[in-house]
Amino acid sequence: MDGYNSSLPGSQIRLPICPNNSYCCIICCFFVLICVNLGKERTEVSKARWVEEIGMAQVIEKKGSLWVTTGVIRNGNLYCHIEEIGYLAQIGALVLLDEVDNVMGLKDIFTKCADRRYGCTWEFFEAYRHLKSLGYIVGRHGQPWSTKHDNLKPNSDFTADTGFIADRIEELQIGAANLMFDIHRPNSKFKKTDPGAPSFIICLVGDWPPRREEVEYLEEKCKLVPLKFCHVNHGDVRFFSFPKVSLPVLP
Amino acid sequence: MELSGPRWKGKNFAQIANSNPMSEIIAQLQVCLSNSESAALPIGTDFLLETVPELTKLLNRTSFGRQLTTSYDSKQYFQLSPEETFYLHHFLKCLKVSIDNAKLIDVNDLWNFMRNRSELFPIYYRAYVHLRSKNWIVKLGTKNGVDYVVYRHHPALVHSEYAVVVDWENDKGEKQSERLRVWSDLHCAVRACNGVAKAVLLLNVMGYEVNFSLPELLERTIVDERQITRWVPSQCRDDCKLEGNKGEHH
């Protein structure tokens with residue numbers, strides 16, 4: 001039970017003292033508590049508009065300091081990926097509008113998260129949500145937090161992104177291991193314009209644990225950045241690493 | 001989880017270990033066993049060795065085998081695993097082995113005998129040699145659901161640091177075993193071992209072919225060492241250090 005909803009921020013599972021100690025009553029209280037946590041009213045709610053052409057949303061009303069570590073900057077504008085939208089929408093910090101300014105509900109947002117066309121899968125989103133809720137700074141592997149081009153048409157700023165998304169879609173083969181996130185540890189001095197090297201890289205692994213060869217291949221791709229493997233199993237998110245060691249020769 | 005260092009069982013035990021290097025005690029065992037008339041005999045899947053007090057003391061100090069409790073004072077009995085028997089006979093060249101209680105056999109015959117009994121013997125022996133030749137004490141890991149547990153010195157002085165799982169692949173890099181095949185195998189190994197403050201060490205015997213001779217086994221295989229560590233992002237911002245008996249709580 002401690003693990004239930006650990007992906008959602010601020011959720012402390014404490015069963016209230018139930019006046020009626022019956023099983024039904026206890027279960028009802030449990031779900032009321034979760035709903036209370038989920039339904040916390042936020043005063044700072046940002047707005048973003050979905051842009052299908054680029055598979056991202058442009059942030060049109062920015063509220064709160066969370067944007068220091070969320071979203072990517074392209075030619076001075078702020079955009080976010082579907083997993084960022086999914087997380088922020090779930091915690092009530094973002095409202096997503098479609099291209100004609102209708103509010104998109106969570107069902108549509110979650111469906112987009114699971115839609116591989118936007119470079120995301122449901123498991124990828126669950127891993128993202130888990131890490132974000134714990135305060136880590138999470139970006140898509142290899143994608144810059146901020147780019148700035150002068151004298152370019154707006155759409156061409158996204159050539160790199162859409163190409164990136166297309167590459168990712170190819171890589172998102174079911175069951176394969178994919179380098180997914182660049183992670184920075186929680187850091188109040190984080191700057192998108194100068195993020196520094198990631199603290200580690202997360203690889204999302206499919207149905208089977210990675211073989212030694214795969215681990216070595218992926219380590220090489222990561223160069224010197226530590227690599228962690230993430231396995232998501234029906235919402236349960238776990239991380240492993242397989243560092244090479246050398247047992248010392250003892251006297 | 002990374003270990004924060006060896007956990008010695010007593011206050012000065014680290015110094016005692018430093019003053020008694022295992023390699024030196026093993027050298028004493030080699031001399032004593034070479035001079036002994038006693039030969040190991042097959043018993044079940046293991047080997048039985050009759051010993052006298054001086055040899056008993058050295059086998060215990062180097063942590064080879066299990067001494068069987070008896071009411072006899074003048075002779076003692078040890079039960080040795082196949083790997084221990086073969087290591088003492090082949091690598092340390094000091095143990096005599098007799099199969100049919102008559103003549104002593106040589107290393108090639110013993111190799112064939114071991115292989116006939118267990119097709120996995122070469123793989124486990126390769127891992128055993130890798131660990132013992134670095135002067136780590138190697139004991140069976142059944143209690144922890146793994147193949148071996150290894151100690152930096154005698155188990156009376158120090159807790160074991162690693163729980164060892166042995167895997168193997170052929171010379172094309174293709175995994176050959178069913179070990180750690182599914183995710184629950186990994187979760188299980190890490191959970192069980194971290195709970196008793198041991199890191200999981202995966203020894204991969206690479207380049208193994210079924211028909212290898214003994215020299216080929218030792219010359220043409222490489223043992224790859226990797227740790228399997230679980231990272232819990234809510235508990236720590238990097239791989240945690242194992243401290244005392246704290247382990248995984250998730």
Side-chain angles (χ1 to χ4, degrees), chain A residues 1-4 6-7 9 11 127-138 175 181 183-187 199-200 202-203 205-217 219 226-234 236-251, chain B residues 1-3 6 17-24 130-131 133-137 150-153 161-162 164 167-169 172-175 179-187 190-191 199-204 206 223-239 249-250:
Chain A
M1 279 217 285
D2 278 345
Y4 189 92
S6 61
S7 57
S11 56
Y128 175 87
R129 182 179 63 190
H130 183 80
L131 289 166
K132 268 304 266 192
S133 69
L134 293 168
Y136 290 87
I137 300 166
V138 188
F181 299 119
I183 306 287
H184 294 259
R185 290 194 195 91
N187 173 14
S199 308
F200 35 85
I202 303 282
C203 171
V205 196
D207 300 330
W208 312 105
R211 291 171 293 113
R212 181 198 55 82
E213 256 187 332
E214 275 181 306
V215 172
E216 284 188 6
Y217 169 72
E219 277 175 344
L227 175 61
K228 295 191 196 294
F229 292 82
C230 176
H231 177 234
V232 183
N233 184 34
H234 303 292
D236 184 81
V237 183
R238 289 181 190 247
F239 300 90
F240 289 93
S241 53
F242 304 98
K244 253 187 119 51
V245 293
S246 183
L247 230 56
V249 176
L250 299 171
Chain B
M1 290 199 169
E2 283 166 19
L3 290 174
N18 283 340
S19 311
N20 292 278
M22 190 51 66
S23 57
E24 286 178 13
H130 179 79
L131 296 164
S133 62
K134 292 189 182 191
N135 294 317
W136 287 76
I137 300 290
V150 291
Y151 300 78
R152 192 170 281 265
H153 205 279
E161 286 163 65
Y162 291 100
V164 181
D167 200 355
W168 56 99
E169 55 186 64
K172 297 186 192 70
E174 293 161 349
K175 186 173 157 70
R179 309 303 300 282
L180 305 177
R181 183 65 90 168
V182 294
W183 277 107
S184 53
D185 294 338
L186 246 86
H187 293 309
V190 171
R191 174 118 195 174
V200 181
L201 180 67
L202 177 62
L203 287 188
N204 203 339
M206 294 163 50
V223 179
D224 177 71
E225 295 174 359
R226 278 188 187 265
Q227 207 173 303
I228 304 176
T229 357
R230 188 171 161 215
W231 175 56
V232 184
S234 60
Q235 283 185 355
C236 50
R237 302 305 184 192
D238 203 336
D239 289 327
H249 298 295
H250 288 261

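The structure presented is a predicted model; accordingly, all values stated were derived computationally and were not measured.
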Heavy-atom pairs under 4.5 Å with chain B, option from A:Leu250, A:Ile183, A:Asn233, A:Val215 with the top count: A:Leu250
Salt-bridge criterion met for B:Arg226 and A:Glu219 (N-O under 4.0 Å): yes
Lys/Arg-Asp/Glu bridge criterion (N-O < 4.0 Å) met for A:Lys244, B:Asp224: yes
Interchain contact, A:Leu131 with chain B, by part (heavy-atom threshold 4.5 Å): side chain
Atom group of B:Glu169 that falls short of 4.5 Å from chain A, counting heavy atoms: side chain
A:Glu213 and B:Lys172 ion-paired at < 4.0 Å: no
Which portion of A:Pro226 sits near chain B, non-hydrogen atoms under 4.5 angstrom: neither
Residue, of B:Glu174, B:His153, B:His187, that accumulates the most heavy atom pairs under 4.5 Å with chain A: B:His187
B:Leu202 portion near chain A, given a 4.5 angstrom heavy-atom threshold: neither
Check: A:Phe242 ring centre within less than 6.0 Å of A:Phe229 ring centre: yes
Ion pair check, B:Lys175 and B:Asp167, cut-off under 4.0 Å: yes
